[in-house]
Amino acid sequence: MNAPGAKILKGETGDWEIVIGMEVHAQVLSKSKLFSGASTQFGAEPNAQVSFVDAGMPGMLPVINAKCVEQAVRTGLGLKAKINLRSLFDRKNYFYPDLPQGYQISQFKDPIVGEGEVVIDLPSGESRVVGIERLHLEQDAGKSIHDQHPDHSYVDLNRSGIALMEIVTKPHMRSSEEAAAFLRKLRAIVRYLGTCDGNMDEGSMRADVNVSVCRVGGYDKFRADGSFKHLGTRCEIKNVNSMRFIAMAVEYEARRQVEILEGGGTISQETRLFDARLNETRSMRSKEEAHDYRYFPDPDLLPLELDAAWVAEIEKSLPELPDEKKARLIQAGLSAYDASVLVAEKESADYYEAMVKAGAEPKSAANWLSNEYFGRLNKAGLTLADGPVTAAANAAIVMMVGEGVISGKIAKDVLDLVWAEGGDPRALVEARGLRQVTDTGAIDAAIEAVIAANPDKVEEVKAKPKLAAWFVGQVMKQTGGKANPAAVNAALKTRLNLPDEG
Ligand code: ADP
Ligand code: MG
């Protein structure tokens, strides 16, 4: 039957299912390029970071950058994938104005990383495994610029030769939600690993999305015997650069294919572009086959041979990744939902962990972040990095509540004060006299004042014990929110002679 997450498309002639596989280009975080010493820094003057190798000058020889190899291996290990100790670099031949060599150095038959997997977290709370086919290293091309002169195009080669990891999935995704969830998770993993900054706006992560449709049941047959004949013909949507656009492109493309098939047509395998403005995909070129590129091993480069001990060293240095962190947070008492929200971005996980390290109780810290601090950041349009309150300060507020120094209500005021004025929350609580009143004398006085002002309610509460909550509220108000609610409760019960259940 249909796996969880599979989405059915209703057609005129029956039901269809969507199958998606992705090729993600992730720019390797490294100071210099894959085969040259030129800088990879984003945003430099055009053509300021181009070595002779990157410009395709005759006679120049590529020299492999060990850092890029290490980053690819790290990523492979993070994808729980097989690391191939021997891999080859091939020339993929094609012409493009921003490809001065006339070929791209890539890896074809023998990539550095083989099969792996990524667990995706769906909005429903379910998880699914998406298989990784391979990861290979290749050079990025330069950039053609068409919008700076009415009848000229320019070429900027700064990007030429920067290392990319192409990460290819198996066709294991079943809906636009799963496709977006995959990219989100992959982005989180490479950011945890520190192998790619995941910055989609700057193009350091971009996805080619392959979409096909087939009759219901086709996918399960494919999973059963591995034969692609059970799947429909796919179209590849090039360079989609946001989660939202991926979802939109998949929806549109699947619908388009169903309409063609139901109209008696066939899908031709082609490369399409997604136009976010019109919310449609359109044909770019018919799909080229591997043999069109005349791949052959690059004679300037030796086979890449890795030392198993070196790979083991890298494996030992891997940080805790999102899935493991999530499991640990759940172990510490967090709900699965809170844990996934916190680990989804490395920044929020780090921030949370800093709060716990500073002494905040894990569950309270998670609640405080999701109920109070994240909400304030959202409202102000700020990211965690730009937020005005440090993890240590938020931890101090949460701890003061736990210690009974301030009430939960005052805690929110303290957060607002620290947000607006900065400073140490503990000092602020002392300076402004915000300490919670646990002194029974002061609480009793407040209770007497409330009773004196509402003699009618005193009679009512005997009949309606629920009214006690109203009294607590009034007493809290009377003390400016500083009374300890538990102490108020206890004192009220005695004074009004309420049963324990009340
Ligand atoms: P190429 O490199 O020519 O684009 P690949 O065979 O490497 O071709 O496949 C590229 C991507 O297309 C992979 O992510 C794969 O999972 C996906 N794919 C292959 N067949 C289908 C299909 N029928 N429907 C959806 N995706 C597919
Ligand atoms: Mg492709």
Side-chain angles (χ1 to χ4, degrees), residues 3 5-7 9 16-26 79 81 90 92-94 104 106-118 120 128-138 164-176 178-183 185-186 205-240 246 249-258 260-261 266-274 281 284-295:
K7 188 155 150 189
L9 265 186
W16 299 83
E17 53 186 4
I18 308 175
V19 176
I20 305 158
M22 250 192 253
E23 295 152 281
V24 179
H25 287 95
L79 301 176
D90 299 277
K92 181 179 184 180
N93 298 283
Y94 59 99
Q104 176 191 34
S106 181
Q107 298 192 297
F108 182 48
K109 284 221 175 73
D110 300 284
I112 185 165
V113 175
E115 291 186 327
E117 60 182 47
V118 168
I120 57 171
R128 280 201 63 227
V129 176
V130 171
I132 298 294
E133 177 75 37
R134 59 187 278 155
L135 175 158
H136 65 254
L137 274 169
E138 63 185 27
L164 296 178
M165 296 179 282
E166 178 167 339
I167 301 163
V168 183
T169 77
K170 296 184 184 279
H172 285 178
M173 287 159 276
R174 319 289 308 281
S175 65
S176 54
E178 290 193 5
F182 169 78
L183 200 60
K185 189 58 169 286
L186 181 65
M205 212 171 163
R206 33 198 211 262
D208 300 343
V209 189
N210 294 269
V211 180
S212 68
V213 297
C214 59
R215 286 296 186 186
V216 173
Y219 178 80
D220 287 344
K221 283 189 204 145
F222 159 71
R223 290 306 295 264
D225 70 6
S227 167
F228 280 76
K229 72 170 192 242
H230 306 299
L231 301 180
T233 302
R234 71 191 149 108
C235 287
E236 176 181 19
I237 310 159
K238 271 277 169 205
N239 281 337
V240 195
I246 284 181
V250 168
E251 295 288 334
Y252 174 87
E253 180 60 19
R255 185 49 69 191
R256 185 187 73 88
Q257 292 181 14
V258 165
I260 291 176
L261 292 170
T266 51
I267 306 297
S268 45
Q269 188 172 329
E270 61 182 0
T271 301
R272 299 179 69 83
L273 272 184
F274 177 65
T281 65
M284 189 172 147
R285 55 175 191 251
S286 69
K287 175 78 190 162
E288 50 299 288
E289 302 284 339
H291 60 248
D292 296 328
Y293 290 115
R294 295 290 186 271
Y295 278 101

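Each ligand, and each atom within it, is numbered from 1 in the order the structure gives.
- Minimum heavy-atom separation, S268 to T233: C-CG2, 4.3 Å.
- Close approach to E23 involves these atoms of ligand 1, each under 4.0 Å from a residue heavy atom: 1 (P), 2 (O), 4 (O), 10 (C), 11 (C).
- On a distance-only criterion, T233 and ligand 1 share no N/O pair closer than 3.5 Å.
- Between K238 and E236 a salt bridge is recorded (basic side-chain N to carboxylate O distance below 4.0 Å).
- The line from CD1 of I120 to CD of E178 is 4.5 Å long, rounded to the nearest 0.5 Å.
- Salt bridge status for E115 with K170: present, with a side-chain N to carboxylate O gap under 4.0 Å.
- Counting heavy atoms only, R234 comes closest to atom 5 (P) of ligand 1 of the residues E236, Q269, R234.
- At least one N or O atom of G232, backbone or side chain, sits closer than 3.5 Å to an N or O atom of ligand 1.
- In terms of N/O distances under 3.5 Å, ligand 1 is not approached by V168.
- At a 4.0 Å heavy-atom cut-off, ligand 1 touches L231 through the side chain alone.
- Contact annotation for M22 and ligand 1: only backbone heavy atoms (N, CA, C, O) come within less than 4.0 Å of the ligand.
- When heavy-atom distances to ligand 1 are checked against a 4.0 Å cut-off, E133 has no atom that comes that close, whether in backbone or side chain.
- Heavy-atom proximity to K170, at under 4.0 Å, picks out these atoms of ligand 1: 16 (O).
- Residues satisfying the ring-ring contact (aromatic ring centres under 6.0 Å, His included) test with F108, not counting sequence neighbours, are Y295.
- Ligand-side atoms of ligand 1 in range of T169: 13 (C), 14 (O), 15 (C), 16 (O), range being under 4.0 angstrom from any heavy atom.
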